Amino acid sequence: MADDATTPDDQPPPELVLDALDDPDCQSILRKTAEPMTATELTEACDIPRSTLYRKLDQLSDAALLREHDKINPDGGRTAYYQRNFENVNITIDEDDTFSVTIDHRQQGTDERLRDIWSKMGDEL
């Protein structure tokens, strides 16, 4: 299985990651999304208003800490699911005193990769 850790060029700016990790609502979402959850489930589980939840989901996605995938419903339509997308976050400072962040993304199983492919294909239709 290939390593899903991204290269430094693919990493978000450290500020985005640190801001997301410092936010109590984002922390709550990350704690609950070890397994995929819908926005409705997260609103209830985290006790966060729906409008706030969507802003936090965007913030976590921009920081590459959360991934979204769609499930096609048998009766039509889609349901979006959100899942924590990392195993480790490493923050380093180099000899030029520049901070960088490296996010080790969790490895996806074959079924998850196939689901993502189908989800992306649905977006293009």
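Just so it is clear, the values below take in all heavy atoms, side chains as well, and ignore hydrogens, waters and symmetry mates. Owing to the predicted nature of the structure, the values given are computational and were not obtained by experimental measurement.
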*Give the intermediate values and the outcome of side-chain contact (heavy atoms from CB on, under 4.5 Å) for residues V17 and I91.*
CA-CA 10 Å; V17 176; I91 300 164; 5.7 Å; no
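In this structure the side chain of V101 reaches within 4.5 angstrom of the side chain of V89, judged on heavy atoms. In this structure the side chain of Q59 reaches within 4.5 angstrom of the side chain of D23, judged on heavy atoms. Y81 has its side chain within reach of H69: a pair of non-hydrogen atoms, C-beta onward, lies under 4.5 Å apart. Within the 4.5 Å cutoff, the side chain of I103 has heavy atoms near those of the P12 side chain.
A side-chain contact (heavy atoms from CB on, under 4.5 Å) with L65 is found for exactly one of T33, I29, L21, namely L21.
Nearest heavy-atom pair, C46 versus K32, reported as atom, atom and distance to 0.1 Å: SG-CG, 3.7 Å. Of all non-hydrogen atoms in K56 and D25, the two that sit nearest each other are CE-OD2, 3.8 Å. Between A20 and L60, the shortest heavy-atom distance links the atoms CB-CD2, 4.0 Å. Considering every non-hydrogen atom in both L53 and A39, the closest pair reads CD2-O, 3.2 Å. Of all heavy-atom pairs spanning A34 and Q83, the tightest one is O-NE2, 3.0 Å. The two residues P36 and E41 have their closest heavy-atom pair at O-OE1, 4.4 Å.
Annotation: D47, atom CG; neighbour count of heavy atoms from other residues, nucleotides and ligands within 6.0 Å does not exceed 12.
Residues F86 and L18 share a hydrophobic cluster, clusters being chains of Ile/Leu/Val/Met/Phe/Trp/Tyr side chains in contact below 4.5 Å. A chain of hydrophobic side-chain contacts below 4.5 Å, direct or via other Ile, Leu, Val, Met, Phe, Trp or Tyr residues, connects Y54 to L30.
Put simply, OH on Y82 and CG on L57 are 5.0 Å apart, with the number rounded to the nearest 0.5 Å. For the atom pair CZ of R84 and CD of E35, the computed distance is 9.0 Å after rounding to the nearest 0.5 Å.
The backbone N or O of P24 lies less than 3.5 Å from no partner atom in the side chain of S28, so there is not a single donor-acceptor pair. Side chain of D96 to main chain of T98: no donor-acceptor pair is present (N/O by atom type, distance under 3.5 Å, no hydrogens or angles).
Side-chain polar atoms of T79 and N73 form a donor-acceptor pair below 3.5 angstrom.
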